[in-house]
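Values below: every heavy atom of this structure, side chains too, minus hydrogens, waters and symmetry copies. Throughout, a chain's letter reflects where its sequence line sits, starting with A, and its residues are numbered from 1.
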Amino acid sequence: MATVALAGNPNCGKTSLFNALTGARHHVGNWPGVTVEKRSGSFEAGDLALEVVDLPGTYSLAARSEDERVATAFLAEPEVDVIVNVLDASNLERNLYLTTQLLELKKPLVFALNMADDAERQGVKIDLEALAGLLGGPVIATVGNRGEGIEALKAAILTAVQGQDPSLDPSLWPPRVAYGEDLEGEIRTLAAEVRRDERLVAHLPSRWLALRLLEGAEDALQQAGNSHAAQAIQAQMEASRAHLEHHLGADVPTLLAERRYGFAHGLVKEVATHHGAPVRNLTDRLDAILTHRWLGIPIFLAVMVAVYTLTFVVGAYPQEWIGAGVDALHAAAAGALPPGELTSLLVDGVIPGVGAVVVFLPSIMILMGCVSFLEDSGYLARAAFIMDRVMHLMGLHGKSFIPLIMGMGCNVPAVQAARTLESRSDRLITILVTPLVSCSARLPVYILLAGAFFAPLAGALAVVGMHVLGFGLAVGVGKLLRTTLFRKDQAPFVMELPPYRLPLLRTTAVHMWEKASVFLRKAGTVIFAGATLVWFLSNYPGLADRTLLAERQTQEQAVRALNLPAEEEQARLEDIAFAFQGRIMNTSLAARFGRVLEPVFAPLFDPDGKRDEAWKDGVALTAGFVAKEIVVGTMAVVHQAHEEPEEGAALSPLQTSLRERSGLTPLTALAFMIFVLIYTPCLGTLGMIYKETRSWAWTAFSVGYGFGLGWLLAWITVVAGRALGFA
Amino acid sequence: MNAHSNLLPLSALEPGAAARVAALEGDAATRRRLLEMGFLRGERLVIHKAAPLGDPVELVIKGYHLSLRREEGACILVEREA
């Protein structure tokens, strides 16, 4: 099976072309060891099956960013038979810069001149035949998102794979940049040294390696370093570099860049004719408003509000339906199966576990759809442009704004939105600090405690304060990470502002589906495993205890024997069930874990050591690890007090119980709120962090630093509060 | 005539100004990235506008629009076009 690689600049429409080529037959994975997504698919031409790999968009193969390293490494692989270079017709010169490097690989090249319609509209006409002649490969005009030119492209790829292009003049092929006498001389000399080791040149031209060595590309340096001819190559490389720098007055990368662009420039002059000056009418007019000095920011905020609303308000409906569906399934299963361990595993473990994963799908799909639309349309670059000054002060990138804002709804899709950041360190820092932003799942906990311990105004202030604190911490920790762990990887902000384009709904839909399916596969398993584990910890050994079960059954029989009216009987049965849950919880492993953790939490929630229910906090917090909204429900079970207020009451029984019996004070309740804000990302977020970073180390780090920071701030709150005279 | 007297950092240019790249300073990684994006010696660029908060700056080079932070623009020495 032949392999085709798609290479091209970012924003050149490569992805639409890939989608058009492969139809529905593609999937998204990861390049091994890195956070870059790998998209591969296949199509049939003639009677051949061809595999297509969509490489990340790159401006060059200098191999400094993760994207470039991945692309370069793959293109150099012997398994790549044909390279399809996608060119943006309206930006040819810069696009050809990458081409000059692809030519050095001496592999069959096919060129897709994409967005040909845009170019025509701008009055640019390109002579395809002349271009093909100069580049040594067929040039097909395509409009990726309309599927135009796809069949011709497939045919050209097939011909290239079979190696029979009759239009290629063998004396011209392969064409390449002529770097000038001095450079060419040094390249030839160095290439000769490289050829001493046959293994180095087994799959790649010696000229390619020589050029990369002169440029100082890491992959080439590593390969040469491992060779038996390392010394000779190294010596010649340094001599050549010194000679060129001295003789031509600039370092090698500058010299090469100038020659490459010279080639590209000359090429464009020969094949492109302009009818009038190239203009970006619509784009410039839109930008006059969208990045306007006074209108730009309000418009941006409006867009953010729109995305937030779509994701979390509109998205709440499908979320409710899924929740209701899971509940219905839960009730049906509970009703149909006999009580016992296996049933509980299925009904309280597996079903809610799957539910815990699936419930995120609506918000993920909608947010990813919005982000994809914003990115493909070109607006995302403008958003980053507008916000960068503020973000940069915080040690972040303009594009970090979206994950932080969306984190206020739910951290899970917000972390996934960090994917738009190109630099690895920007992406990692954003992923690590987004969970600090207070999400909507934490709100019930705040409301519970604020309602129980604070007067209405103070309570509202406390809740708002949590959100402000979350944001503030995200900024602070981000800055700290930037100046400590990630100091050396500061990528320049140089960012293209592409012309505005209307993305196809189909492309957006494909992206939504891809992101959702990857989430299910990678994060879903982590979340499901974690939920099941916590179920186990919360239910054993009580669930296996037959005496408890027997007692419950006896109580239920007694109630039924009273022949009460249906409603009252139901209420009493529910009370029995609630008490049963409480006894299971009290004897569970989670409770033991809570008691073990008591000394850890004591300075925070029980500084005087007087509370004998303090261990219940630990249980609730452990359950909160799965999802923060579970903290309230768990507290209800553990304190045996319902969370819903009775009719007419201002406080719920749980709130009353907390206020009067738990031993918590307003100060320690505040500390509890702060701890819940920070302590560790919930399981869903951790699953997403793992999926985005591909690293258990960073995932564990999130847990660790969250717990540590949460503890520290809660403790400071208590100590400072006491110093100020609060209890 | 001292040619260097009209060299200034790109970050000092105002919207609408046209200039040509004279030299690149700063660390190797930044210089290479700028080169790849088209900041060659003698290349013409035009400052389009600044972001609403003043930074970064949008400019046109080699026929496309690019956004650059002022601190990066400080590494690019340009000669103003008359």
Side-chain angles (χ1 to χ4, degrees), chain A residues 9 11 58-60 62 64-65 88 90-95 97-98 215-216 250-251 253-254 256-258 260-262 264-265 268 278 280 283-284 287-288 291-298 300 381-382 384-390 392-393 398 489-499, chain B residues 3-4 7 9-11 13-16 18 20-78:
Chain A
N9 279 184
N11 303 308
T58 52
Y59 294 106
S60 138
R64 275 186 311 278
S65 69
D88 179 349
S90 52
N91 204 338
L92 205 48
E93 192 179 324
R94 198 205 61 219
N95 274 253
Y97 183 81
L98 176 66
E215 278 184 295
D251 65 5
T254 307
L256 292 179
E258 291 180 345
R260 285 169 176 157
Y261 263 119
H265 189 79
V268 172
R280 306 189 332 167
T283 300
D284 284 341
D287 268 343
T291 52
H292 185 271
R293 199 150 162 231
W294 301 116
L295 293 177
I297 295 184
F300 168 71
R382 272 75 182 177
F385 179 66
I386 293 173
M387 289 312 297
D388 187 67
R389 179 151 192 201
V390 172
H392 190 49
L393 280 175
D489 189 18
Q490 291 257 35
F493 179 68
V494 186
M495 180 183 70
E496 186 185 355
L497 291 164
Chain B
H4 290 282
L7 284 191
L10 187 147
S11 46
L13 291 174
E14 70 291 344
R20 290 191 181 268
V21 177
L24 293 179
E25 309 197 315
D27 65 87
T30 308
R31 281 203 323 270
R32 270 171 224 195
R33 184 94 173 110
L34 291 170
L35 274 174
E36 286 171 353
M37 299 303 273
F39 286 85
L40 306 169
R41 289 182 289 191
E43 191 68 37
R44 185 173 188 269
L45 56 92
V46 178
I47 305 290
H48 191 64
K49 72 200 296 189
L53 295 175
D55 193 11
V57 158
E58 182 181 351
L59 56 97
V60 184
I61 191 169
K62 283 210 179 293
Y64 75 100
H65 288 236
L66 194 60
S67 139
L68 203 63
R69 284 181 184 142
R70 282 195 191 280
E71 67 185 27
E72 285 146 7
C75 297
I76 304 172
L77 291 179
V78 300

Quiz item: For chain A, which residues from residues 22-29 of chain B lie under 4.5 Å away (heavy-atom distances)?
Solution: Ala29(B)

Practice problem: Give, for atom CD1 of Ile61(B) and atom CD of Glu93(A), the distance between the pair rounded to the nearest 0.5 Å. | Solution: 10.0 Å

Quiz item: When rounded to the nearest 0.5 angstrom, what is the spacing between NE2 in His265(A) and CG in Leu40(B)?
Solution: 10.5 Å

Self-check item: Residues forming a side-chain contact (heavy atoms from CB on, under 4.5 Å) with Ala250(A), sequence neighbours excluded
Solution: Thr254(A), Leu255(A), Arg41(B)

Quiz item: Roughly how far, to the nearest 0.5 Å, is CD of Glu43(B) from CD of Glu258(A)?
Solution: 10.0 Å

Quiz item: In Å, rounded to the nearest 0.5 Å, how long is the span from CD of Glu36(B) to CG of Leu98(A)?
Solution: 9.5 Å

Practice problem: Enter the distance from Leu256(A):CG to Arg32(B):CZ here, rounded to the nearest 0.5 Å. | Solution: 10.0 Å

Quiz item: Looking at residues at least two apart in the chain, or sitting in another chain, which of them share a side-chain contact (heavy atoms from CB on, under 4.5 Å) with Glu496(A)?
Solution: Asn11(A), Tyr59(A), Asn91(A), Arg94(A), Pro498(A), Tyr64(B)

Exercise. List the atom of Phe385(A), the atom of Pro56(B), and the distance in Å for their closest heavy-atom pair.
Key: O-CD, 3.1 Å

Exercise. Report the option among Arg31(B), Met37(B), His48(B), Arg70(B) that has the most heavy-atom pairs separated by less than 4.5 Å from atoms of chain A.
Key: Met37(B)

Exercise. Could you tell me whether a side-chain N or O of Arg389(A) sits under 3.5 Å from a main-chain N or O of Asp55(B), the two making a donor and an acceptor?
Key: no

Quiz item: Looking at residues at least two apart in the chain, or sitting in another chain, which of them share a side-chain contact (heavy atoms from CB on, under 4.5 Å) with Arg44(B)?
Solution: Ala18(B), Arg20(B), Val46(B), Glu81(B)

Quiz item: What closest approach, in Å, do Leu497(A) and Ser67(B) show between heavy atoms, and which atom pair accounts for it?
Solution: CD1-CB, 4.0 Å

Quiz item: With only heavy atoms counted, which part of Glu58(B) is less than 4.5 Å from chain A, the side chain, the backbone, both or neither?
Solution: both

Self-check item: Flag, side chain of Lys49(B) to backbone of Asp287(A), donor-acceptor distance under 3.5 Å
Solution: yes

